[in-house]
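Report on the structure given below.
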Protein chains: 2
Amino acid sequence: MNRPPTIKDVAERAGVHAATASRALNPATRGMVNARTANRVAEAARALGYAPNSAARSLRTRTSSVAGVLVPDLRNPVFPPIVRGIEDGLRDAGYMALVGNTDGDPERERELVTAMRGRQIDGFILATSSRSAAFAADVAVPTVLVNRRTDNGGIPSVTADNAAGIHLLVRHLAELGHTRLGHVAGPRELSTGWERYRAYLDATASAGLEPVVEFADAFTETAGHAATLRLLSAHPELTAVLAGNDLIALGCYSALADLGRTVPGDVSVTGFNDMPFVDRQRPSLTTVRIPHYDLGREAARLLLERIAAPDSPAKRVVLPVELVSRDSTAPVKS
Amino acid sequence: MNRPPTIKDVAERAGVHAATASRALNPATRGMVNARTANRVAEAARALGYAPNSAARSLRTRTSSVAGVLVPDLRNPVFPPIVRGIEDGLRDAGYMALVGNTDGDPERERELVTAMRGRQIDGFILATSSRSAAFAADVAVPTVLVNRRTDNGGIPSVTADNAAGIHLLVRHLAELGHTRLGHVAGPRELSTGWERYRAYLDATASAGLEPVVEFADAFTETAGHAATLRLLSAHPELTAVLAGNDLIALGCYSALADLGRTVPGDVSVTGFNDMPFVDRQRPSLTTVRIPHYDLGREAARLLLERIAAPDSPAKRVVLPVELVSRDSTAPVKS
DNA sequence: TTGTATGCGTTATCAC
DNA sequence: GTGATAACGCATACAA
């Protein structure tokens, strides 16, 4: 229970000065020191179970090898694989992740950003709303957006190809004979909601179909339920509904059940994300698979790149998606 | 993009010495300083957007207000709500969470523990296997176990009442007329697996039933599938299967389907955890609900307590559980 | 009540 | 190639 060994202890044991021990232990400066003494130092460090005090190092070097990761809520099944990917990606470079939940509340978000900055983090990975992102960019800490992006593209981002996904879904439904497709869109304020909405307008336009849209207040089942009821009371003729994401799609399921319409008998439903267990819903959900884990890993890579070269141009990585056809879509009733 | 303000800047602006500013800003020492100067300092700090440099503070005080949180894999749906609860619980006290995934690999776990210790964390919350816990306890950093515990009770822990849950399930099945109950247990090495297994033996014994057990290699659907096949090939007479957790129960579903047995028509199945979306499986799963979020919050509370008083006796908190009866259990066929 | 002095452990800069 | 020294920003024991 006595104090952990310091570099001074290591140096003493190896019969060198602390500065030399520091150089010997740091891979980047190892070259400056005689190979034999370097070995002696390494040996001493191992014998003592020496681990550098990161607070001291951090104070001196102004880096911490810690990244701040902000998500709205870890309980949203989209985020765990992303965060896991981030963690794995960071770890390879000796970085760790400080994780915070914002509940989408800008106030809370700002608090967290401030608190994390105070903790000398080297960068941010944000999976939160776009307004906050702008704020974080403000703070001059390397920042990467994951699964979200800002309109102007000033901040590096990693997203799934939302537009391609929507086009795949529209084509899929068109091939099943549907011509009256509604869209229960996610919130306009979130880039995912917005991009999918825009893509829906595009895709229906180029297919010569009439767009019919209702916005959900949030990417939740409850909001999806409410929006679907609004959509179908105004447009009972719809035979297919594209939901803004899987949770909204589950809301569609229950809303349609309330209305006495069957899925996919009366109405086909599609989701977005292919989150865990939607393959086991009743009916199993036709959706677009986005590579959550890879999104996270790529975001980590981008952040590390950014930390290494803060003034490099902001990359925007878009990862491919894939249509997953299941039981919630069927040919239109004649 | 210039350097963030230091306490010296604040002091200068307030026309006092840095030491006074430090005292004024620290709630614990605020009493030592004149209220008016304290206000002046606070004002200056606000104006400058001052945030204390945690590396410096940490170096000086040997505390970091950061806790290490280790889980096997965040993608396992049990953990996100726990981690969220931890985060919320820590935040109230100004703490943040450094999150790491171990994949249940003791090697990786040790690496993470070492790395986090090097980062001056103030404590650990472990949701990982028990052997590692013993190791972590070794390192003389305050540690709390969540959803796991060690046999000897030397480490504070927060768990759900596994025994009570199993008894509820056995009684439920007995009331439905089942007398041939099998158990697909989780790994013996994990306290959850072990405790539920022991409770199953207890509960069947006191009901005068014959225990029939098969161990799954892991708390996964795949392992549950395999173990269920073994169990039923040895004991085709079973009319009910208690799975070690929900994922294993999903493995039971698919294994029973492979064997041409229906759920709950031929065999009733129960899970444990009530993880998200098992209410929407086909059939919806009868299971035991454990308070994941509260488990995390309570663990955070316990850790903070422990940090404040490291030599206090190790509490073991057991949270109540609740039977959730759904469609995967039905009266036994006559 | 406030100011002065010192040290936490590390690394960068200088001198040898 | 190595040693001496200073500085990172903060908090505290001591002096005033």
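In what follows, every chain begins at residue 1, and chains take the letters A, B, ... in the order their sequences are listed.
- Using a cutoff of 4.0 Å between basic side-chain nitrogens and carboxylate oxygens, B:R91 and B:E87 are scored as salt-bridged.
- For A:R57, counting side-chain heavy atoms from C-beta on, the closest listed nucleotide (C:dG3, D:dG1, C:dT11) is C:dT11.
- DNA chain C is contacted by both B:A35 and B:R62; B:A35 maps to the nucleotide lying nearer its 5′ end (nearest heavy atom per residue).
- When distances are taken from the side chain of B:T6 to each of C:dG9, C:dT2, D:dC10, the shortest belongs to D:dC10.
- Checked by atom type, the side-chain pair B:S58/B:Q120 shows no donor-acceptor distance below 3.5 Å.
- A:S22 comes within 4.0 angstrom of a base, heavy atoms only.
- Salt bridge annotation for A:E43-A:R40: absent, with no cationic side-chain nitrogen under 4.0 angstrom from a carboxylate oxygen.
- Summarising the geometry, the separation between CE on A:M32 and P on C:dC14 is reported as 13 Å, rounded to the nearest angstrom.
- A side chain to side chain contact (heavy atoms under 4.5 Å, CB included) with B:R149 is found for one member of B:V318, B:V317, B:I155 and no other, namely B:V318.
- Nucleic acid contact class of B:I7 (heavy atoms, under 4.0 Å, all strands): sugar-phosphate only.
- When the C1' atom of D:dG9 is taken as reference, atom CG of B:L48 falls 15 Å away, rounded to whole Å.
- Contact between the side-chain N/O atoms of A:H17 and the OP1/OP2 oxygens of D:dT2 is not found at any separation under 4.0 Å.
- One interatomic measurement links the two molecules: CG of B:L25 to P of D:dG9, which rounds to 16 Å at whole-angstrom precision.
- Across all strands shown, A:T37 has heavy atoms under 4.0 Å from sugar-phosphate atoms exclusively, and none from any base.
- What separates CZ of A:R60 from C1' of C:dG7 is a distance of 16 Å, to the nearest Å.
- For the pair B:K8 NZ and C:dT4 C1', the computed distance is 13 Å after rounding to whole Å.
- Of the two residues near DNA chain D, B:R23 and B:S54, the one whose nearest nucleotide lies more 5' is B:S54.
- Side-chain atoms of A:T20 lie closest to D:dT2 of the nucleotides D:dT2, C:dT10, D:dT5.
- Remark: P of C:dT11 and CG of B:L59 are 12 Å apart, rounded to the nearest angstrom.
- Going from atom CD of B:E12 over to atom P of D:dG9 covers 14 Å, rounded to whole Å.
- In summary, B:E305 and B:R301 engage in a salt bridge, as defined by a charged side-chain N under 4.0 Å from a carboxylate O.
- A sub-4.0 Å separation between OP1 or OP2 of D:dA11 and a side-chain N or O of B:T61 is absent.
- Straight-line distance from the CZ atom of B:R119 to the P atom of C:dT10: 14 Å, rounded to whole Å.
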